[in-house]
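Shown next, in structure tokens, is the structure this report addresses.
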Amino acid sequence: MPDYSKELNEAQYDAVQTTEGPLLVLAGAGTGKTRVITYRIAHLINNVGVPAQNILAVTFTNKAAGEMKERIMKLVSRSDSDIWIGTFHSICLRILRRDGHLVGLGAGFGILDQDDRLAVVRDIVKSLNIDVKKYPPKQYMWRISNFKSTRAYVDEAAPGTDEFHMMDEVFSQYQKKLKEQNFIDFDDMLALTIRMFRQNSDVTQYYRNMFRYILVDEYQDTNDIQFLFLKILATETGNICVVGDDDQSIYGWRGADIRNILEFDTVYQNTKTVRLVENYRSRPVILQTANALISNNRMRKGKNLVACREEGGMVQVMPVGNETDEAEFAAQTIQKYLDEGTSPDEIAVLYRTNAQSRNFEVLLNRMAIRYKVVGGIGFYQRKEIKDILSYLRLHDNPYDGVSFARSVKAPPRGIGDTAVSNITEYASAEGLSLIEAARQSLPALRGAQKRGMEPYLWIFTELGAQSKVSEMVKTVIYLTEYEDFIKKYEDEHEAEKRIGNINELYNAAVSFEMAFPEGTMSDFLAATAITTSLDESDNTAAVKLMTIHSAKGLEFEQVFLTGLENGLFPLHGSLDEPAELEEERRLCYVAVTRAKQNLHMTYASTRMVYGNRMPQRRSPFLDEMGIAGIKAPAKPRPYMDVSQKPKSTVARTEVNGIKSGSKVSHEKFGEGMVVAISGSGDSANCDVFFKAGGLKKIRVGFLKLL
DNA sequence: GGCGACTACATTTTT
DNA sequence: TGTAGTCGCC
């Protein structure tokens, strides 16, 4: 019987050992919450004797699920591997694959991803002659999604018409299309699972008996529906352990309800609460900064992180002229870290909005530093991948109108919108599959259309003769002549990338077959639908660029937190809404606590916004961090903490046109950037950060402005 | 029916 | 600034 007490601190061990009854683990950033979950599962299996299949663990991303599974495997024997670990969505999907017929789902139902569902909504909105200028399809989609995350939808109520024009009609048509084409969307995964539970007490009981121990990670980001899902399953045993940090709740905009964690102990009677506050990740100076910042929030349980690491590292605030200077500063400092031997994987550039990544990419490119933009458009959302997949999806589900419309036009083959809607309408009226309808339309086609449609249909005949997922992928790539299509349209570099992606899709299919020898095409397609950019593995050593949201759960030696400007971070729109401002502050807290060693924060005095250069003011968060009170690190790195510069409202200190942020050159040290200026006139000294030599103090007279 | 050009547009975060 | 969506021409 393994003893885990030596591998855990007291609070962690307490959480691991408390196996019965509701348990709330309030785990601050870097306090080892993943460790608690993995060890708790190991403890349940190895020491309490709970069969693995009686454990359900919910994570935030598929990637996190994979990593957790790996870690657990190291602690338990191989025969104990069949724990249910996954995201809410993947778990519900698995349940619906088994029992979805109870709520009217056809076998092998497909999943409508974000793009597809927008396409469906757009069609409906157009067909209803709604003024798309006044009521954009996106609005409807958003509305539908929101409604589907409510209990009303679970209970099969109709949406309220409310002030929103035609909402009822759009919604019911949307639902009808989904049903017709045997689709569910993202929100349905949870909602239909719960509906199925509600209507089938015997099935519910089956899952209750199965999931006798439930663990949930990142509980602060759960929404009402997810809460309900857990409540239904856990209500009998009460063995539910949720781990989270109210200070890191950053998905309120997506419906996550911070009250889930704040009120957990009132919902579940006799909850035991364990607080993890000992932080093993960050230098004390970073934690001070984080604590100071978050103490400005009112909606929180309240806790301060306690530093376990020794003094060292630093928090730097770097004012820069504009977004290019900001990127240059980051790139140069990164270069310096790399020269010192820091692994690129230990460096991250964080920003509030995806659009900010651009400048960093340009500068890092120029300096030949390997980087990877994390998040954004995921692999399976890429055009070329969706094109290929649309054939496979249509083959898998011949009623899939979205995939029909997509595949028949990519590559173009003379069939346009008119033909597509004719065929779609015909299929719908006759109850035919789209492939069958297309086949029947063949005699009516002439010329280019006929010459296009015939080989198109032939592809599906070929697919019908195959069963191996990877072979089918290959067949589509080959028979569509997709590579030629790409080469014809894209520039060389772009084409190469896309062809690479297509090959990567084939590889993914091969890996899928190896991982799931029994897996069907439906399974493969489902996997592609719920895989997001955050789930993609990053096996190349590269500096990471990402939004703060994407950085949740990660840690880096060196963190650049950029764009700390009022209106950007906190983002405008949150400024006069206290709850939203608090969420922005939590987001900032998440960013700060990603750093292990050094935290560099930048803000620009001007920035391009929608193509206009706008003056910017520094973020109030910087002041809240109490930057001024931070002592210099015991063993200072060769940087200057310029945060304590006099806050002059007039132009910043400037001598001979040289000011902070200026690019200058020096006879001996070469090119550099001015970080700070002290004194005035000819005797002024500049702190200059040289590309080659790091930080030096130089008389202004020896510098040449570049 | 396809394609290119233009314009208008809106800009948060994504399971 | 960048892109998505529309319009009009071939």
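Throughout, protein chains are lettered first and strands after them, A, B, ... in sequence-line order, and every chain is numbered starting at 1.
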Can you find a donor-acceptor pair, distance only, under 3.5 Å between [X] side chain and [N] base?
X      : N      : answer
A/H89  : B/dT15 : yes
A/W253 : B/dT12 : no
A/R352 : B/dT13 : yes

Atom [atom1] of [X] and atom [atom2] of [N]: how far apart are they, to the nearest Å?
X      : N      : atom1 : atom2 : answer
A/N612 : B/dT11 : CG    : P     : 16 Å
A/F60  : B/dT13 : CZ    : P     : 15 Å
A/I250 : B/dT15 : CD1   : P     : 11 Å
A/R358 : C/dT3  : CZ    : C1'   : 11 Å
A/Q356 : B/dT11 : CD    : C1'   : 12 Å
A/E565 : B/dT12 : CD    : P     : 17 Å
A/D257 : B/dT15 : CG    : P     : 20 Å
A/Y351 : B/dT14 : OH    : P     : 9 Å

Counting only side-chain nitrogens and oxygens, does [X] get under 4.0 Å of the OP1 or OP2 atom of [N]?
X      : N      : answer
A/N354 : B/dT11 : no
A/T547 : B/dT14 : yes
A/R254 : B/dT12 : no
A/T353 : B/dT11 : no

Any heavy-atom pair between the side chains of A/F329 and A/E326 that's under 4.5 Å?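 Side chain of A/E326 against side chain of A/F329, heavy atoms only: no contact under 4.5 Å found.
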
Separation between the C1' atoms of C/dG5 and B/dT13, rounded to whole Å: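 It works out to 24 Å between them.
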
C1' atoms of B/dT11 and C/dC7, separation to the nearest Å: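 My reading of the C1' atoms in B/dT11 and C/dC7 gives 24 Å.
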
Could I get the full list of side-chain contact (heavy atoms from CB on, under 4.5 Å) partners for A/E481, not counting sequence neighbours?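 Only A/D484 meet the side-chain contact (heavy atoms from CB on, under 4.5 Å) criterion with A/E481.
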
Taking only the side-chain heavy atoms of A/L571 (C-beta and beyond), determine which of B/dT13, B/dT15, B/dT12 contains the nearest atom.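 Of the candidates, B/dT12 comes closest.
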
Does A/Y251 lie flat on the base of B/dT15, that is, centres under 5.5 Å apart and planes under 30° off?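 Not stacked by the 5.5 Å and 30° rule.
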
Mapping A/H572 and A/D187 to their closest nucleotides on DNA chain B, which lands nearer the 5' end?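 Final value for this comparison: A/H572.
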
Parallel, tilted or perpendicular: ring planes of A/F229 versus A/F197, cut at 30 and 60 degrees: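 Answer is parallel, since the angle falls under 30°.
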
Can the positive tip of A/K177 be found less than 6.0 Å from the middle of the six-membered ring of A/F183, inside 45° of the ring normal?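 Not flagged: A/K177 not positioned over aromatic ring of A/F183.
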
Can you check ring pair (Phe, Tyr, Trp, His ring centres under 6.0 Å) on A/F171 and A/F147, steps first, answer last? CA-CA 10 Å; A/F171 182 76; A/F147 173 68; 5.2 Å; yes

